[in-house]
Amino acid sequence: MKSNKRTIPLIPLRGLSIFPYMVIHFDVGRDKSVNALEEAMVNDSMIFLTSQKEARIDMPTVDDFYEVGTVCKIKQMLKLPGDTIRVLVEGINRGKVREIIQEEPYFEAEIEEFVYEKEVEANKEMKAMMRMVIDNFEEYIKAGNKVSPDVLVSISEINEPGRLADVISSYIQLKPEDKQKILEAFNPYARLEVLHIILEEEIEVLEIEEEINNRVKSQINKVQKEYYLKEQIKAIQKELGEEEGLEAEVDEYIEKIQEINMPEEVKEKSIKEAERLRRLSPSSAETGVIRNYLEWIIELPWDTETKDRLDIKKSREILEKDHYGLEDVKERILEYLAIRKLAKNMKGPILCLVGPPGVGKTSIAKSIAKAINRKFVRMSLGGVRDEAEIRGHRRTYVGAIPGRIVSSMKKAGSKNPVFLFDEIDKLNSDFRGDPASALLEVLDPEQNNTFTDHFLEAPFDLSKVMFITTANSLNNIPRPLLDRMEVIRISGYTEEEKVEIAKRYLVPKQRKEHGLKEKNVSLSDNTLEAIIENYTREAGVRNLERNIANVMRKVAKRIVEENIKSVKVNTRTLSNYLGTPKFRRSETEREDQIGLATGLAWTAVGGETLSIEVTPMPGKGKLQLTGKLGDVMKESAVTGISYIRSKVEELEIDKDFHTKRDLHIHVPEGAIPKDGPSAGITMATAVISALTDIPVNGDVAMTGEITLRGRVLPIGGVKEKVLAANRLGIKKVLLPWDNKKDMDEIPDKIKKNIEFVFVKTMDEVLDHALVKGEK
Ligand code: ADP
């Protein structure tokens with residue numbers, strides 16, 4: 001046997017002995033031990049582990065631990081909550097403390113490490129001893145059943161006597177003193193002998209245990225045993241003053257479950273859970289988990305259903321009373337009701353309402369519920385990225401609850417509510433699973449009658465639910481989801497429509513909410529127009545409603561404070577209520593300018609106007625694009641420039657502009673991401689204006705995709721874009737020829753305000769957009 005010396009940190013262990021070849025993890029919490037670990041990690045990860053003579057000593061001194069221990073290698077460290085560290089170590093060699101070098105801030109010792117040079121071939125005597133120990137171990141396993149039988153196979157392959165003893169010792173449960181005895185046997189043969197004696201003793205004890213057990217078992221048969229145990233629990237509960245406790249509670253649960261008409265499978269499962277509760281001690285943590293589960297089961301609307309109102313006239317009245325316009329949605333719902341009257345079990349449509357914020361998607365859904373007399377629940381999908389949010393966590397998680405679908409159903413209290421999934425286009429997916437696929441199951445009429453929540457572990461029927469979803473744009477909705485739904489587009493409102501909505505719905509609603517009567521406050525149409533024009537810039541009416549609420553609040557305050565009866569808010573006094581106007585039609589912006597063209601864009605929040613600025617500078621033909629432009633938009637700028645290069649002569653532009661000048665194209669409001677090809681002609685117009693010094697007509701706005709040859713291709717979102725142009729007071733809008741068909745959607749009033757020009761080529765765009773004769 002060879003030995004060498006090394007100086008390494010030392011940790012005394014409580015109730016744990018480590019043998020060479022053993023791989024084990026344990027938790028370290030004492031400061032001194034943590035220090036030792038840290039020191040070891042800085043060096044070569046070697047540490048000396050030895051057992052404390054008495055586990056209960058918290059601050060062991062040198063005399064409190066054994067001299068013989070094991071030199072170990074730290075394989076892994078993991079910080080646990082609190083100051084505990086979990087370490088994984090591998091025992092390498094036996095070692096003995098020669099000298100304690102320091103005691104603070106951690107123990108460090110000079111260790112004599114005993115390295116086995118390839119162990120001696122076992123002689124006959126040793127072989128016999130090895131076989132005996134293996135037999136002992138086998139018996140130990142049979143009697144005690146505490147070791148996996150696989151271990152035996154690997155043990156029988158070990159040839160070295162010392163190693164055999166060490167490996168077996170690491171698998172058996174022994175008193176710490178016995179383990180230490182084995183550890184201190186440096187000679188392999190002696191070690192086997194010690195192990196043999198200990199195992200013999202251990203087996204004897206196990207056998208006696210077994211015998212007693214059998215005797216007891218045969219005495220009490222199964223029924224008796226259960227009775228006995230139950231009586232015992234009762235006695236304990238009585239002792240603890242919890243006599244009434246669980247028994248009564250469990251009976252009550254079972255009674256309730258029996259009363260509810262739920263699927264047999266669920267009933268069986270929940271009754272089983274309730275019975276389990278009976279057997280637990282009231283103070284055990286598990287009772288809470290089971291109770292929580294049973295409460296959920298009892299409160300879910302398994303068999304509660306509201307009766308639909310199939311009176312179309314009445315439903316129409318309700319829909320009309322709540323919302324202006326939105327004809328498509330209203331019609332679709334009334335159609336459905338009509339069909340339901342004829343075909344009782346008709347599945348409802350899954351509507352997807354798509355449109356900019358504030359156009360009433362959420363509130364019409366609520367009103368649909370009212371119209372057909374169903375409960376209404378809403379779940380926002382914005383930012384939902386974890387599948388568990390939809391499907392819940394398994395009950396093995398601490399504090400697990402069902403997913404939001406099941407929670408919402410409980411809130412609804414009926415199994416056929418109108419269920420609104422808001423912002424379905426904002427659904428995320430990442431490593432925590434794919435919420436979209438869970439949603440797909442929810443929306444699939446073939447599958448949703450057995451929707452399984454991880455927490456409930458039981459199917460819940462969603463087939464009677466009427467699902468409605470909302471989105472700002474269709475772009476980000478996963479295709480399979482989109483295929484399930486019937487899309488109804490809702491576009492923004494014109495100023496006149498907004499005035500109507502305000503007059504008929506928002507003002508009365510806000511008036512009532514602020515406790516005012518009709519005679520207390522008056523807002524004329526002009527005032528409403530001024531609010532719309534000067535305080536909001538939006539496709540919907542959300543800010544409009546907010547501003548009206550502000551006015552009402554201030555009016556209410558005046559009525560109380562100044563003791564007056566009624567307040568008239570007019571355009572002159574409006575700023576007293578709402579402060580200085582936030583938006584003004586900025587005249588300066590719409591002067592004719594060189595290198596500045598107005599485009600029309602369609603974003604998730606509705607139509608927008610975009611100013612596109614171009615500045616040429618002396619340079620080498622570099623093209624710089626700023627303002628958060630997407631790839632498609634950048635490409636479309638490049639296409640525009642290629643077109644211009646092919647037309648330099650006609651346009652009277654220096655033919656070398658692309659090698660002598662740099663171009664910087666900027667689209668302000670840089671924080672808003674923009675993309676799409678529809679700014680193509682606008683960018684080209686701005687560039688041509690900048691290169692020719694001919695100003696762009698400030699009253700013109702345009703939208704259209706450009707090709708290399710200067711053709712103008714059609715684009716989407718015409719109505720939203722035109723509404724935006726109208727909001728800004730644009731007089732002339734250039735649209736691609738092929739978008740002529742979209743004019744049906746444009747309100748007549750706007751057609752009067754704006755001149756529409758349909759163009760096929762870039763030449764025509766320039767004819768209308770550039771201010772001629774000013775060069
Ligand atoms: P969205 O869900 O489309 O973002 P909301 O449903 O939240 O919009 O609507 C915002 C507010 O505007 C609500 O108070 C709603 O009642 C009101 N509103 C929107 N459109 C209409 C309309 N056509 N008629 C009456 N009120 C409307």
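Computation of the quantities below employed the complete heavy-atom set of this structure, encompassing side-chain atoms and omitting hydrogens, waters and symmetry-equivalent molecules. Start at 1 and go down the list; that is how both ligands and their atoms are numbered.
Ring orientation note: the planes of Phe421 and Phe467 are close to parallel, at an angle under 30° on the 30°/60° scale.
In terms of modelled atom types and a separation under 3.5 Å, the side chain of Thr682 and the main chain of Ala597 share no donor-acceptor contact.
Ranking the protein heavy atoms by distance from atom 13 (C) of ligand 1 puts Glu545 OE1, 3.4 Å first. Scanning all protein heavy atoms for the shortest distance to atom 20 (N) of ligand 1 gives Val359 O, 3.1 Å. Summary of contacts: the protein heavy atom closest to atom 24 (N) of ligand 1 is Tyr324 N, 3.0 Å. The protein heavy-atom contact nearest to atom 15 (C) of ligand 1 is Ser363 OG, 3.2 Å.
Residue contacts with ligand 1, taken as heavy atom pairs separated by less than 4.0 Å, involve Tyr505 solely via side-chain atoms from C-beta onward. Residue contacts with ligand 1, taken as heavy atom pairs separated by less than 4.0 Å, involve His323 via backbone and side-chain atoms alike. At a heavy-atom cutoff of 4.0 Å, ligand 1 is contacted by no atom of Arg504, backbone or side chain. Residue-level proximity to ligand 1 for Asp322 is carried by the backbone, the only part with a heavy atom below 4.0 angstrom. By the criterion of a heavy-atom distance under 4.0 Å, both the backbone and the side chain of Thr362 are placed next to ligand 1.
Using a 4.0 Å heavy-atom cutoff, Gly358 is listed among the residues neighbouring ligand 1. The closest approach between Pro357 and ligand 1 falls below 4.0 Å for a heavy atom of the residue.
Counting heavy atoms only, Gly360 comes closest to atom 9 (O) of ligand 1 of the residues Pro356, Gly355, Gly360, Gly492. By heavy-atom distance, the residue among Leu544, Val541, Leu326 lying nearest atom 18 (N) of ligand 1 is Val541.
Inclusion of Ile501 in the set of residues having an N or O under 3.5 Å from an N or O of ligand 1 is not warranted.
Ion pairing of Asp303 with Lys415 is absent here, as no side-chain N (NZ or NE/NH1/NH2) approaches a carboxylate O to less than 4.0 Å. Salt-bridge check for Arg479 with Asp483: passed, with a basic side-chain N closer than 4.0 Å to an acidic carboxylate O.
Paired with Lys749 under the rule salt bridge (Lys or Arg N to Asp or Glu O under 4.0 Å), one option of Glu496, Glu500, Glu497 passes, and it is Glu496. Just one of Leu326, Ile488, Val329, Asn472 meets the side-chain contact (heavy atoms from CB on, under 4.5 Å) condition when paired with Lys361; it is Asn472.
The closest side-chain heavy-atom distance from Asn449 to Leu462 is not below 4.5 Å.
One distance of note links CZ of Arg332 with CG of Leu353; it measures 11.5 Å at 0.5 Å rounding.
Within ligand 1, counting atoms from 1 as listed, the ones closer than 4.0 Å to a heavy atom of Arg542 are 1 (P), 2 (O), 4 (O), 7 (O), 8 (O). Distances below 4.0 Å separate heavy atoms of Lys509 from the following atoms of ligand 1: 13 (C), 14 (O), 16 (O). Interface of Lys361 with ligand 1, defined as ligand atoms under 4.0 Å from a residue heavy atom, comprises 1 (P), 2 (O), 3 (O), 4 (O), 6 (O), 8 (O).
Listed by first and then second residue, the salt bridge (Lys or Arg N to Asp or Glu O under 4.0 Å) pairs involving residues 737-747 amount to none (not counting sequence neighbours).
Residues passing the side-chain contact (heavy atoms from CB on, under 4.5 Å) test with Asn292 are Trp296, Phe455, sequence neighbours excluded.
For Lys321, the NZ atom counts as loosely surrounded, since its 6.0 Å shell holds 12 or fewer non-hydrogen atoms of other residues, nucleotides or ligands.
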